[in-house]
Amino acid sequence: MAQRKKIALIGAGQIGGTLALLAGQKELGDVVLVDIMEGVAKGKALDLQETRGVGKWDVDVTGGGTTDYSVIRDADVCIVTAGVPRKPGMSREDLLKVNLDAITKVAHGIKQYAPNAFVIVITNPLDSMVYAMYKVTGFPKNRVVGMAGVLDTARFQYFVGDAAGVSPQDVQAMVLGGHGDDMVPLLRYSSVAGVPLTRLLDKARLDAIVERTRKGGGEIVALLGTGSAFYAPAAAAISMAEAYLRDKKRVLPCSALLEGQYGVKGLFVGVPVVIGAGGVERVLEVELNDDERAMLQRSVDSVKKSVAETKL
Ligand code: A3D
């Protein structure tokens, strides 16, 4: 009989708890939550186990602390949210120092106990944290990826859908670049079920949507007052994990290691990739015009600066 897959969620905070619920509901595999606050990981795990009868799903959810990473042994997927979220007024880059320390510890745990896992990093600043994960684990490039583009795209889909009076599901969108305010939503490659966006919305409206997408994280931080977005980030990461576990070959914008594609070498940057059983199986290159290339370059320059601060 086929064994259930195992999903380790490292960081059992707002996103980690939501990831556990979604992974459970989709029965992607047994879930283990790990957090420096062991009680939080164990408490959320127990609370989720107690939803199974009424929710009608059958995978286990357990919890543990960071003093014993053996609980993640042989995990197929690790999704990492360990660290702190942005506070109002704090840039993603301000987070780097605090979260690099967490990511380094987590990476050592994953390397020791889940050496064959597909690792999805969510912790901010995303593009440098996924780079740190890649460097510290020494895993091959197809098994380390950052979640950002799926979320940025989902925000764009919602804003376009809302403005055009259509379902976000029917909005096709593509966002390139680092996960920062200079990300590059590609309007030329976006449509509503194949109908170019420019047919449905005027330029001013589209420009406002691009701007709102770029600042989408900050908008939620300001509203919440404490913490940052967690439902949409969790849903985005689960779509990546599912693509891997079910070999879906989904084309998703993710932070992946570039080795010359888009003229970038040795950095993790948001690009469309194919995710299937081989992890990040391929990076897809789309043609960019001069303006788009210039925007991407600006975004890549910010990623480079952030990565340099990790000193890895
Ligand atoms: P939060 O609810 O604070 O959860 C983070 C958890 O990590 C807490 O429970 C901490 O106790 C735990 N933790 C801290 N250090 C460690 C460690 N060394 N080992 C294990 N656990 C640890 O935050 P959240 O879930 O809202 O967000 C988590 C991260 O995701 C933050 O860095 C956010 O900035 C980031 N985030 C990224 C995106 C992207 O699109 C990339 C979107 C939203 C949030």
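Numbers here simply count residues along the sequence, with the first being 1. Both counts, for ligands and for their atoms, begin at 1 and track the order of listing.
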Next on the checklist: I'd like to know if the side chain of Arg155 and the backbone of Thr213 have a donor-acceptor N/O pair within less than 3.5 Å.
Outcome noted: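 Answer holds: no.
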Item to check | Side chain, backbone, both or neither: the part of Ala82 lying under 4.0 Å from ligand 1 by heavy atom | outcome: both
Next on the checklist: Residue-level breakdown please: for Ile122 versus ligand 1, do any non-hydrogen atoms fall below 4.0 Å on the side chain, on the backbone, on both, or on neither?
Outcome noted: both
Would you call [X] a ligand 1 contact, heavy-atom distance under 4.0 Å?
| X | value |
| --- | --- |
| Val40 | no |
| Gly227 | no |
| Met147 | yes |

If the cut-off is 4.0 Å to any non-hydrogen atom of [X], which atoms of ligand 1 fall inside it?
| X | result |
| --- | --- |
| Thr66 | 19 (N), 20 (C) |
| Leu151 | 40 (O), 42 (C) |
| Met37 | 11 (O) |
| His179 | 39 (C), 40 (O), 41 (C) |
| Asn99 | 32 (O) |
| Ser228 | 44 (C) |

Kindly confirm or rule out an N or O of [X] lying under 3.5 angstrom from an N or O of ligand 1.
| X | answer |
| --- | --- |
| Val84 | yes |
| Ile15 | yes |
| Lys105 | no |
| Asn124 | yes |

Is [Y] paired with [X] through a side-chain N to carboxylate O contact shorter than 4.0 Å?
| X | Y | value |
| --- | --- | --- |
| Arg52 | Asp58 | yes |
| Lys249 | Asp247 | yes |
| Lys215 | Glu219 | no |

Measure from [atom] to every heavy atom in [options] and give the option owning the shortest one.
| atom | options | result |
| --- | --- | --- |
| atom 21 (N) of ligand 1 | Ile36, Thr104, Leu9, Val121 | Ile36 |
| atom 29 (C) of ligand 1 | Val150, Val106, Thr81 | Thr81 |
| atom 18 (N) of ligand 1 | Ala102, Gly146, Ala229 | Ala102 |

For [X] and [Y], work out which heavy atoms get closest and say how close.
| X | Y | value |
| --- | --- | --- |
| Gly260 | Lys265 | N-CG, 3.6 Å |
| Arg143 | Ala117 | NH1-O, 2.7 Å |
| Ala12 | Val40 | O-CG1, 3.6 Å |
| Ala114 | Ile72 | CB-O, 3.9 Å |

Checklist entry - So, Tyr113 versus Tyr69, ring centres under 6.0 angstrom or not? => result no
Next on the checklist: When you group the ILVMFWY residues by side-chain heavy-atom contacts below 4.5 Å and let the links chain together, are Leu267 and Leu258 in the same group?
Outcome noted: yes
Checklist entry - Hey, what's the ring geometry for Phe268 with Tyr131, parallel, tilted or perpendicular (30° and 60° as the breaks)? => result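 Perpendicular.
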